[in-house]
2 protein chains.
Amino acid sequence: MVELSGDGSGEGLSPYLWFTLYELLLLGAVSGAVGISTTRLAGLLGCSQQSASRHLKLLEEMGLVSRRLGAGGSLVGITGAGLDVLSEVYFAMKGWIEGSGEGTLVFEGIVFSGMSQGSYYVSQPFYRGQLREKLGFDPFLGTLNLRMGEGYLEQRRVLEGWPAIRIEGFRSEDRAFGGGRCYPLLVNDEVEGALVVADRTAYDLSVMEVIAPVNLRERLGLEDGDTVRLTLQMPDIVSPEADG
Amino acid sequence: MVELSGDGSGEGLSPYLWFTLYELLLLGAVSGAVGISTTRLAGLLGCSQQSASRHLKLLEEMGLVSRRLGAGGSLVGITGAGLDVLSEVYFAMKGWIEGSGEGTLVFEGIVFSGMSQGSYYVSQPFYRGQLREKLGFDPFLGTLNLRMGEGYLEQRRVLEGWPAIRIEGFRSEDRAFGGGRCYPLLVNDEVEGALVVADRTAYDLSVMEVIAPVNLRERLGLEDGDTVRLTLQMPDIVSPEADG
DNA sequence: ATTACTAGCTGTCGAGTAA
DNA sequence: TTTACTCGACAGCTAGTAA
């Protein structure tokens, strides 16, 4: 069984059926129904006509495809539920495949309006000085808040294993400011910035905060709800033994 | 069998095994080997420990994963060949899933330097005037050439079914200039432009030419080899019968 | 030409168990 | 604790064939 995490919409869908659904996707059965005979589908799947027929029947019963049988073939379209089943696999793979270059991680998140405390912290001179010195840019006074998808936690765990740029905390007259760490990155493959992770953060793990030398919302024309891609490259660790 | 088109690198890989490989991907077995016991893997796959063990063994024999057996679990890593098998499915789905909003198509292509004849054609006053009038912008005198991936032909076929903006040909003193059609689009979700398809093109189908009101290479900081995303939205067809 | 049923075969699964 | 073997059970496959 293909265990689809969470809602169980695809509960009990066998791998065989998933691949038949996948083949229908490649035939373009999402942009409206596509005319396909069981014989041709069987050819594409590398199985018998009978199996293709059975698969379609089962997928229809599960509500993952809709069919209109007619002479000379049937019209097959993937339903919303069917697309969900395929999307789930696609998006789960996304971060890993896109970032599969050596030592690269790719995250995608949705822009949202945070509590706007980012600017308060970034503008603290002690933080700001450290950021400028250690990141090589003077941060724009505000952070871009991203809400991350579900399947990113394993990736996040990999990131935790990477060397980070340490930002020290400090104590003002009134209160204590905690430390944190930064990971330099590229926003939408275009603008340099850094992921900021406070040691003690107000947000949960499903949120990422990004700083950059520019106002990212303006520079990239971002609105709440837009998707943003973060590309992180693991820094080369120059071991002391290694010969240059 | 999961029929993987082309090179046959994953020839004969059964759907069951593909999903086991997929589960390993989600565990992060691409960023170095991951420690996992067959019991835990079985839990994630929803199958027995024996099956998980058998799957790993088979995947290893096929060269799709590498293992280092040890006490208290084994270290499993996906090989390059294994990642290819997963990537193939991922990239095949990409265009369809990303563009699965009603009437949306998404293409991704690689920037390359064309024969630079685009500017010659676009600068022809008769073409240029039509483009300005029908597209609503004055095109930059040059085209962005994209080399498309393998699995995009079905999508391209869907696009052929969409209404296009017709560009008429003409005849100068010296020679004849053929007609073509345009499809408005968004480049990298950011800059408006249009796909230009000549009725008789010098390139094969695996190439797309994009025009825009600005120099796309400059505006988006593109170099040869960069990936560019084209988002096309099917125009609403206002049928004469329909009531507004 | 289609789709899909029945019958029999094959391959996959998982409990038991060994190492 | 691991991994992985044997083997009975059965899900999924294909050939033949009907509609």
Side-chain angles (χ1 to χ4, degrees), chain A residues 1-4 10-24 27 29 33-79 82 85, chain B residues 1-4 10-24 27 29 33-79 82 85:
Chain A
M1 299 298 191
V2 180
E3 290 275 317
L4 295 166
E11 195 83 50
L13 181 70
S14 69
Y16 301 93
L17 291 179
W18 189 91
F19 271 98
T20 301
L21 196 60
Y22 162 79
E23 201 62 53
L24 290 171
L27 285 165
V34 113
I36 180 90
S37 75
T38 53
T39 310
R40 190 157 93 86
L41 182 59
L44 293 165
L45 288 168
C47 70
S48 69
Q49 172 270 321
Q50 291 87 341
S51 291
S53 170
R54 184 164 31 80
H55 286 186
L56 280 179
K57 201 159 178 291
L58 290 169
L59 287 170
E60 187 180 27
E61 285 166 8
M62 292 175 176
L64 304 180
V65 306
S66 60
R67 284 197 300 174
R68 178 163 288 167
L69 295 176
S74 25
L75 283 174
V76 182
I78 297 174
T79 64
V85 168
Chain B
M1 299 295 191
V2 179
E3 290 274 317
L4 294 166
E11 194 84 50
L13 181 69
S14 70
Y16 299 94
L17 292 179
W18 189 92
F19 270 98
T20 301
L21 197 60
Y22 162 81
E23 200 64 52
L24 290 171
L27 283 166
V34 114
I36 180 92
S37 74
T38 53
T39 310
R40 190 158 92 87
L41 181 59
L44 293 165
L45 288 167
C47 69
S48 69
Q49 172 270 322
Q50 291 87 340
S51 291
S53 170
R54 198 176 50 246
H55 287 186
L56 280 179
K57 201 160 176 292
L58 290 169
L59 287 171
E60 186 180 27
E61 284 165 8
M62 292 174 176
L64 304 180
V65 307
S66 60
R67 284 196 300 174
R68 177 164 289 168
L69 295 176
S74 27
L75 283 174
V76 181
I78 297 174
T79 65
V85 168

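By convention in this document, chain letters (A, B, ...) are assigned in the order of the sequence lines, proteins followed by strands, and residues within each chain are numbered from 1.
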* Taking all non-hydrogen atoms of both residues into account, name the closest pair between B:G63 and B:T79 and its distance. =>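 Taking B:G63 first and B:T79 second, the nearest heavy atoms are O-OG1, 2.6 Å.
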* Asked: Within less than 4.0 Å of OP1 or OP2 of C:dA1, is there a side-chain N or O belonging to A:T39?
  ->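 Indeed not, no polar side-chain atom of A:T39 lies that close.
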Could you state the [atom1]-[atom2] distance from [X] to [N], rounded to the nearest angstrom?
X: B:F19; N: C:dC13; atom1: CZ; atom2: P; result: 13 Å
X: B:L13; N: C:dT12; atom1: CG; atom2: C1'; result: 14 Å
X: B:L45; N: C:dG14; atom1: CG; atom2: C1'; result: 14 Å

* Would you work out how much the helix from C:dT2-D:dA19 to C:dA19-D:dT2 bends between its ends, with each end axis defined by five base pairs, to 10 degrees? =>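 Computed angle between terminal axes is 40°.
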* To do: Return the nearest nucleotide to the side chain of B:S37; candidates are D:dT2, C:dC5, D:dG12.
  =>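 Side chain of B:S37 sits closest to D:dT2.
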* Test side chain to side chain donor-acceptor pair (under 3.5 Å) applied to B:S53 - qualifying residues, sequence neighbours left out ->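 So B:S53 forms no side chain to side chain donor-acceptor pair (under 3.5 Å) with any residue.
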* Under 4.0 Å between any heavy atoms, over every strand shown, what does A:R40 touch: base, sugar-phosphate, or nothing? Just pick one. => nothing
* Touch class at under 4.0 angstrom, heavy-atom based, for B:S53 against every strand present ->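 B:S53: base contact, heavy atoms under 4.0 Å.
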* Could you tell me the separation between the CG atom of B:L59 and the CG atom of B:L24, rounded to the nearest 0.5 Å? => 7.0 Å
* Asked: According to the interplanar angle, ranging from 0 to 90°, do the rings of A:F19 and A:Y22 count as parallel (below 30°), tilted (30 to 60°) or perpendicular (above 60°)?
  -> perpendicular
* **Residue pairs involving residues 33-56 of chain B (criterion salt bridge (charged side-chain N to carboxylate O under 4.0 Å, His left out); sequence neighbours excluded)** =>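 Sorted result for residues 33-56 of chain B: empty, none.
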* Structure fact -> In B/S/- notation (B base, S sugar-phosphate only, - none; protein heavy atoms under 4.0 Å), nucleotides 13-19 of chain D written 5' to 3' is BBBB---
List the atom pairs, donor and acceptor, that lie under 3.5 Å between side-chain atoms in residues 64-73 of chain A and the rest of the protein, sequence neighbours left out.
{"unit_1": "A:R67", "atom_1": "NE", "unit_2": "A:E60", "atom_2": "OE1", "d": "3.2"}
{"unit_1": "A:R67", "atom_1": "NH2", "unit_2": "A:E60", "atom_2": "OE1", "d": "3.0"}

